Amino acid sequence: MGVSVSVLASGSRGNCALVESSSTRILVDAGISCREIFKRLKTTGGDPRSLSAIVITHEHSDHVQGLRVLARKLKIPLYITGATHHAWARAVRDAMGELPEVSRLEFFSSGHKFQVGDIEVTPFTIPHDAADPVGFTFRAEGIKIAVATDLGYLPPSVCDQLQGCDVLVMESNHDLEMLRLGPYPWSVKQRVMSRVGHLSNAALAQFFCTDYDGKASYIVLAHLSAENNHPEVARGEAENALGTRRTLLRNRVLLAAQEQAMQPIRL
């Protein structure tokens, strides 16, 4: 079967992805309802009951909305940092009146690898306005996949983690001009554009021009804003930045969507 990755949902209304090897299936975030996660897994040919673990990037609701129900139903290991768990549990308690039920809680720290089945998981710190936000790389069967969304900029430490990847799932949240002229209050615009906000099309394009090693077979543009971006604007800016580095077999640019699961990329 090999290694595959699919983005089940991507955007401000919920984020969730699946990384899979021949014997291990890891859900990355649970930002849509448990029912919708199950539905979208089935559309990609997967059985929700065969998931091996859940890993969480940070506690914002568009990444953990379905986590409480999902963890209770599946009773599989939940990997999360201590600070993120504390922030999430407090939010659930405030909203529901009780702490979330998690039967198999596993804490990790940024920079420290851990193993889930045959997949090696490396969490790395990202600049975002959350308690302890991380991105992930996943290694299995000689394949490396990175998931890096919800970050205000790309520091050298993050760029280093993105080297040598076969698949890059990267944030391309907003077009700067659309954001500046758009409907958001100025305080929200400032937050999105800040160094702990979200990555713009232009910032991602700059990465492709300067720090990207050109090795990924697939680049998935994720967490696109519905109000301050357009899929073809994001794709066009990424493809222009990649320029002549793109070939028929490398650097294929795909778009993750909010409303439907992306068909798995199989490697």
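Quick caveat, the model's predicted, so the values are computed rather than measured.
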Can any side-chain N or O of Asp211 pair as donor or acceptor with the backbone N or O of Phe207 at less than 3.5 Å? no

Would you find a donor on one side and an acceptor on the other, under 3.5 Å apart, between the side chain of Ser6 and the backbone of Met262? yes

Does a side chain donor of either Asn173 or Ser225 reach within less than 3.5 Å of an acceptor in the other side chain? no

Pi-cation contact, Tyr153 with Arg195 (under 6.0 Å, within 45°): yes

Is there side-chain contact between Arg235 and Leu255, with heavy atoms separated by less than 4.5 Å? yes

When hydrophobic residues are tied together by side-chain contacts of less than 4.5 Å, even through go-betweens, does Leu78 share a cluster with Ile37? yes

Would you say the side chain of Leu168 lies within less than 4.5 Å of the side chain of Tyr218, judging by non-hydrogen atoms? no

Donor-acceptor pair between Asp118 and Thr24 side chains, under 3.5 angstrom: yes

What's the shortest heavy-atom distance between Val7 and Ala256, and which atoms? CG1-CB, 3.7 Å

Point-to-point distance, once rounded to the nearest 0.5 Å, from CG of Leu18 to CG of Leu41: 6.0 Å

Heavy-atom pair of closest approach, residues Ala202 and Leu176: CB-CD1, 4.2 Å

Separation between CD of Gln65 and CD1 of Ile32, rounded to the nearest 0.5 Å: 8.5 Å

In Val3, Val28, Thr122, the residue satisfying side chain to side chain contact (heavy atoms under 4.5 Å, CB included) with Phe138 is Val28

Determine yes or no for a side-chain-to-main-chain donor-acceptor pair under 3.5 angstrom, with Glu171 supplying the side chain and Ser200 the backbone. no

Flag yes if Val169 and Leu267 sit in one hydrophobic cluster, no otherwise; membership is Ile, Leu, Val, Met, Phe, Trp, Tyr, and two members link when side-chain heavy atoms are under 4.5 Å apart. yes

Got more than 12 heavy atoms from elsewhere within 6.0 Å of CZ, Arg139? no

Look only at the side chain of Arg266 and the backbone of Gly2, and say whether a donor-acceptor pair between them is shorter than 3.5 Å. no

So does Ile80 get a backbone contact from the side chain of His85, meaning a donor-acceptor N/O pair under 3.5 Å? no

Closest non-hydrogen atom pair, Gly197 against His128: O-ND1, 2.9 Å

With a 4.0 Å cut-off on N to O distance, would you call Asp62 and Arg13 a salt bridge? no

Kindly say whether His223 contributes a backbone atom to a donor-acceptor pair with the side chain of Ser10 at under 3.5 angstrom? yes

His198/His174 aromatic ring centres below 6.0 Å: no

Report the C-alpha distance between Asp129 and Arg191 in whole Å, list the side-chain angles of each, state the deciding distance to 0.1 Å, and finish with yes or no for salt bridge (Lys or Arg N to Asp or Glu O under 4.0 Å). CA-CA 9 Å; Asp129 56 356; Arg191 182 234 167 204; 2.8 Å; yes

If I take atom CD from residue Glu239 and atom CZ from residue Phe208, how far apart are they, to the nearest 0.5 angstrom? 10.0 Å

Shortest non-hydrogen contact between Ile56 and Phe136, atoms and distance: O-CZ, 3.6 Å

No-hydrogen, no-angle side-chain donor-acceptor test under 3.5 Å, Asn229 and Asn201: yes

Would a single hydrophobic cluster contain both Leu27 and Leu67, if residues Ile, Leu, Val, Met, Phe, Trp and Tyr are joined by side-chain heavy-atom contacts under 4.5 Å? yes

Do side-chain atoms of Lys144 reach the backbone of Gln163 as a donor and acceptor pair under 3.5 angstrom? yes

Any chance the side chains of Glu141 and Ser22 put a donor and an acceptor closer than 3.5 Å? yes

Do Gln190 and Tyr184 make a side-chain contact, defined as non-hydrogen atoms from C-beta onward lying under 4.5 Å apart? no

Minimum heavy-atom separation for Asn228 and Pro183, please, with both atom names. OD1-CD, 4.2 Å

Distance-minimising heavy-atom pair for Ala148 and Leu162: CB-CD2, 4.3 Å

Do Ser52 and Arg25 have a side chain donor and acceptor closer than 3.5 Å? no

Result block: side-chain N/O donor-acceptor pairs under 3.5 angstrom for residues 104-115, not counting sequence neighbours:
from, atom 1, to, atom 2, distance (Å)
Ser110, OG, Thr125, N, 2.9
Ser110, OG, Thr125, OG1, 2.7
Gln115, NE2, Gly117, O, 3.4

Ionic contact status for Arg72 with Glu101, cut-off 4.0 Å: no

Min side-chain heavy-atom separation Asp94-Arg90 under 4.5 Å: yes

In sequence, state the C-alpha distance, the side-chain angles, and the governing distance for Asp132 and Thr84, and then conclude on side chain to side chain donor-acceptor pair (under 3.5 Å). CA-CA 6 Å; Asp132 189 16; Thr84 297; 5.0 Å; no

Return yes when atom NZ of Lys73 has more than 12 non-hydrogen atoms of other residues, nucleotides or ligands closer than 6.0 Å, and no otherwise. no

Side chain to side chain contact (heavy atoms under 4.5 Å, CB included) between Tyr79 and Val121, worked out: CA-CA 10 Å; Tyr79 290 84; Val121 184; over 6 Å; no

Same hydrophobic cluster for Leu224 and Ile126, using side-chain heavy-atom links shorter than 4.5 Å among ILVMFWY? yes

If hydrophobic residues (ILVMFWY) are linked whenever their side-chain heavy atoms come closer than 4.5 Å, directly or via other members, who joins Met178 in its cluster? none

For the pair Lys189 (side chain) and Arg180 (backbone), establish whether a donor and an acceptor sit closer than 3.5 Å, ignoring hydrogens and angles. yes

Looking at CE of Met170 and CG of Leu199, how far apart are the two atoms once the value is rounded to the nearest 0.5 Å? 6.0 Å

Measure the shortest side-chain to side-chain distance between Leu51 and Ile54 over non-hydrogen atoms and say whether it is less than 4.5 angstrom. no

Take Asp29 and His58 through the test side chain to side chain donor-acceptor pair (under 3.5 Å) and record every step on the way to the result. CA-CA 8 Å; Asp29 287 335; His58 64 291; 5.2 Å; no

Using 0.5 Å steps for rounding, measure from the CG atom of Leu70 to the CD1 atom of Ile76. 6.0 Å

Are Leu179 and Leu204 linked, directly or through intermediate hydrophobic residues, by side-chain heavy-atom contacts shorter than 4.5 Å (ILVMFWY only)? no

Quick one: CG on Leu254 to CD1 on Ile219, what's the gap to the nearest 0.5 Å? 9.0 Å

Distance-only, no hydrogens or angles: does the Gln258 side chain make a donor-acceptor pair with backbone N or O of Gly14 under 3.5 Å? yes

